[in-house]
Student: 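I'd like to ask some things about the structure below.
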Amino acid sequence: MNLVFENFFFLLKGAYYTLLLTMMSMFFGLIIGGVVAIARLKGNRPIRLLARGYVSIIRGTPVLIQIFVVYYGLADYNIVLGPLTAATIALSINVGAYLSETFRGAILSIPKGQMEAAYATGMTSWQALYRIVLPQAARVAIPPMGNTFIGMLKETSLVSAITVTELLRQATLLIAQYYVYMPFYVGIGVMYWVMSTAFSAILEAIEKRLSKAY
């Protein structure tokens, strides 16, 4: 393990890009997921079918294939993206599909009486959704959303296949230099575990705070 400590800051750089990629992908994924969930619940038939098709395709294909399509496939059409940009787009599209189902399920879990009560006070459908339903749905969505977030953190290791210098890529470079495997794989495993545990604690705190509000 001495090699891990000696190259700790080199691995830390990879951890930084792992966190950066995770945060950016989750940010855009939250937007995509919210839009798709609303489209499936409130959109007209063509929009609902389009949203359902997007979710089905993304959930039914491997993440690595999606990364390759964005990075290598788009280059066939003269759309050349940098590794980090391509990775962010691919992971955002992927996580957006999963979050859309989380949001949709959370919204549907709110009793219909809540909407009816909101209508009785003179709110429009969108006002009732924004003021009454979504705040309560957020509390329901936090636990599965946390699982998706942690899963995304670990799936960032796949973007090493397109040379993004995240944690696994940095470890691979060190392995090629020192010709040893176990210390570096164990080391980055511990780093992934620490990051996952930290995110779990943060999300648990958010969930408890929302529970007190409702």
Student: Any side-chain heavy atom of Glu155 within less than 4.5 Å of one from Asn94?
Tutor: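 Yes, their side chains come closer than 4.5 Å.
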Student: When hydrophobic residues are tied together by side-chain contacts of less than 4.5 Å, even through go-betweens, does Val80 share a cluster with Val159?
Tutor: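 Val80 does not cluster with Val159.
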Student: Would you say OH of Tyr16 has more than 12 non-hydrogen atoms from neighbouring residues, nucleotides or ligands within 6.0 angstrom?
Tutor: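 No.
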Student: Yes or no on side-chain contact (heavy atoms from CB on, under 4.5 Å) for Met191 and Thr18, after CA distance, side-chain angles and deciding distance?
Tutor: CA-CA 11 Å; Met191 294 177 78; Thr18 292; over 6 Å; no
Student: Count the heavy atoms of every other residue, nucleotide or ligand shown that sit under 6.0 Å from OH of Tyr17, and state whether that count exceeds 12.
Tutor: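 No, the 6.0 Å shell around OH holds no more than 12 heavy atoms from other groups.
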Student: Using modelled atom types and a 3.5 Å cut-off, is there a donor and acceptor pairing between side-chain atoms of Ser109 and backbone atoms of Ala106?
Tutor: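 At least one qualifying donor-acceptor pair exists.
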Student: Which atom pair, heavy atoms only, marks the closest approach of Tyr179 to Ala176?
Tutor: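 Result for this residue pair: CZ-O, 3.7 Å.
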Student: Please tell me if the side chains of Tyr178 and Pro183 come closer than 4.5 Å, counting only heavy atoms from C-beta onward.
Tutor: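 Of all side-chain heavy-atom pairs linking Pro183 with Tyr178, none is under 4.5 Å.
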Student: With heavy-atom distances below 4.5 Å as the criterion, would you say the side chains of Ile93 and Tyr54 are in contact?
Tutor: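 Side chain of Ile93 against side chain of Tyr54, heavy atoms only: contact under 4.5 Å found.
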Student: Search all heavy atoms of Val95 against all heavy atoms of Met152 and return the closest pair with its distance.
Tutor: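 It is CB-CE, 3.4 Å.
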Student: Looking at side-chain heavy atoms only, is the closest gap between Leu91 and Met24 below 4.5 Å?
Tutor: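 No, every pair of side-chain atoms sits at 4.5 Å or beyond.
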Student: Any side-chain heavy atom of Phe199 sitting closer than 4.5 Å to one from Leu19?
Tutor: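 Yes; the side chains approach each other to less than 4.5 Å.
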Student: Would you say Ile67 ends up clustered with Tyr72 if hydrophobic residues are merged whenever their side chains have heavy atoms under 4.5 Å apart, either directly or through other cluster members?
Tutor: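 Tyr72 and Ile67: one cluster.
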Student: For the residue pair Val70 and Ile162, establish whether any side-chain heavy-atom pair is separated by less than 4.5 Å.
Tutor: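 Not in contact.
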Student: Which heavy atom of Gly33 sits nearest to which heavy atom of Phe103, and what is that distance?
Tutor: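 Taking Gly33 first and Phe103 second, the nearest heavy atoms are C-CD1, 3.6 Å.
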Student: For a 4.5 angstrom cut-off between non-hydrogen side-chain atoms, does Tyr98 reach Thr102?
Tutor: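 With C-beta onward as the side chain, the pair stays apart.
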Student: To the nearest 0.5 Å, tell me how far Phe28 CZ sits from Leu99 CG.
Tutor: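 So the CZ of Phe28 and the CG of Leu99 are separated by 14.0 Å.
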Student: Following the transitive rule for hydrophobic clusters with a side-chain heavy-atom cut-off under 4.5 Å over Ile, Leu, Val, Met, Phe, Trp and Tyr, establish whether Met26 and Ile58 coincide in one cluster.
Tutor: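 No, because Met26 and Ile58 fall into different hydrophobic clusters, even though each may have its own neighbours under 4.5 Å.
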Student: Please report the shortest heavy-atom distance between Gly146 and Leu203, naming the atom on each side.
Tutor: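 Closest pair (atom of Gly146, atom of Leu203, distance): CA-CD1, 3.2 Å.
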Student: To the nearest 0.5 Å, tell me how far Lys42 NZ sits from Ile47 CD1.
Tutor: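 Going from the NZ atom of Lys42 to the CD1 atom of Ile47 covers 13.5 Å.
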Student: Grab the two heavy atoms, one from Thr61 and one from Ile57, that are nearest each other, plus how far apart they are.
Tutor: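 Shortest heavy-atom separation between Thr61 and Ile57 comes out as OG1-O, 2.9 Å.
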Student: Using a strict 4.0 Å threshold on nitrogen-to-oxygen distance, state whether Glu101 and Arg104 make a salt bridge.
Tutor: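 Salt bridge flag = yes for Arg104 with Glu101.
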Student: Report yes or no: do Leu84 and Ile89 belong to one cluster of Ile/Leu/Val/Met/Phe/Trp/Tyr joined by side chain heavy-atom distances under 4.5 Å?
Tutor: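 No, it is not one cluster - the side chains of Leu84 and Ile89 are not joined through contacts under 4.5 Å.
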Student: Nearest 0.5 angstrom please: Leu173 CG to Gln177 CD, how far?
Tutor: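 With rounding to 0.5 Å, CG (Leu173) is 9.0 Å from CD (Gln177).
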Student: Quick one: does any side-chain atom of Arg48 pair with a main-chain N or O of Gly43 as donor and acceptor, under 3.5 Å?
Tutor: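 Yes; judged by distance alone, with no hydrogens or angles, the pair exists.
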Student: Looking only at non-hydrogen atoms, find the nearest pair between Arg59 and Ala97 and report the distance.
Tutor: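 Looks like CG-CB, 4.3 Å.
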Student: Distance from Ser92 atom OG to Leu30 atom CG, nearest 0.5 Å?
Tutor: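 Ser92 OG to Leu30 CG: 9.5 Å, rounded to 0.5 Å.
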Student: Hey, mind stepping through Phe149 and Thr22 against side-chain contact (heavy atoms from CB on, under 4.5 Å) and telling me if it holds?
Tutor: CA-CA 8 Å; Phe149 193 99; Thr22 302; 4.0 Å; yes
Student: Looking only at atom types and distance, does a side-chain atom of Ser25 sit under 3.5 Å from a main-chain N or O of Leu21, one as donor and one as acceptor?
Tutor: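 Pair found, side chain donor or acceptor close to backbone of Leu21.
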Student: When rounded to the nearest 0.5 angstrom, what distance separates OG1 in Thr88 from CG in Leu81?
Tutor: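 Result: 10.0 Å between the selected atoms.
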Student: Do other residues, nucleotides or ligands put more than 12 heavy atoms under 6.0 Å from the OH atom of Tyr181?
Tutor: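 Count not over threshold, so no.
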Student: For residues Ile65 and Leu74: do they belong to one hydrophobic cluster (side chain heavy atoms under 4.5 Å, members Ile, Leu, Val, Met, Phe, Trp, Tyr)?
Tutor: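 In one cluster with Ile65: Leu74, no.
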Student: What is the distance from atom CD1 of Ile32 to atom CZ of Phe27, rounded to the nearest 0.5 Å?
Tutor: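 Spacing of CD1 (Ile32) from CZ (Phe27) equals 10.5 Å.
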Student: Within a strict 4.5 Å, meaning less than it, do heavy atoms of the Gln170 and Ile188 side chains meet?
Tutor: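 The answer is no, as the side chains (C-beta and beyond) never meet within the 4.5 Å cut-off.
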Student: Pair Leu168, Tyr185 - check side-chain contact (heavy atoms from CB on, under 4.5 Å), show working.
Tutor: CA-CA 8 Å; Leu168 180 59; Tyr185 284 142; 4.2 Å; yes
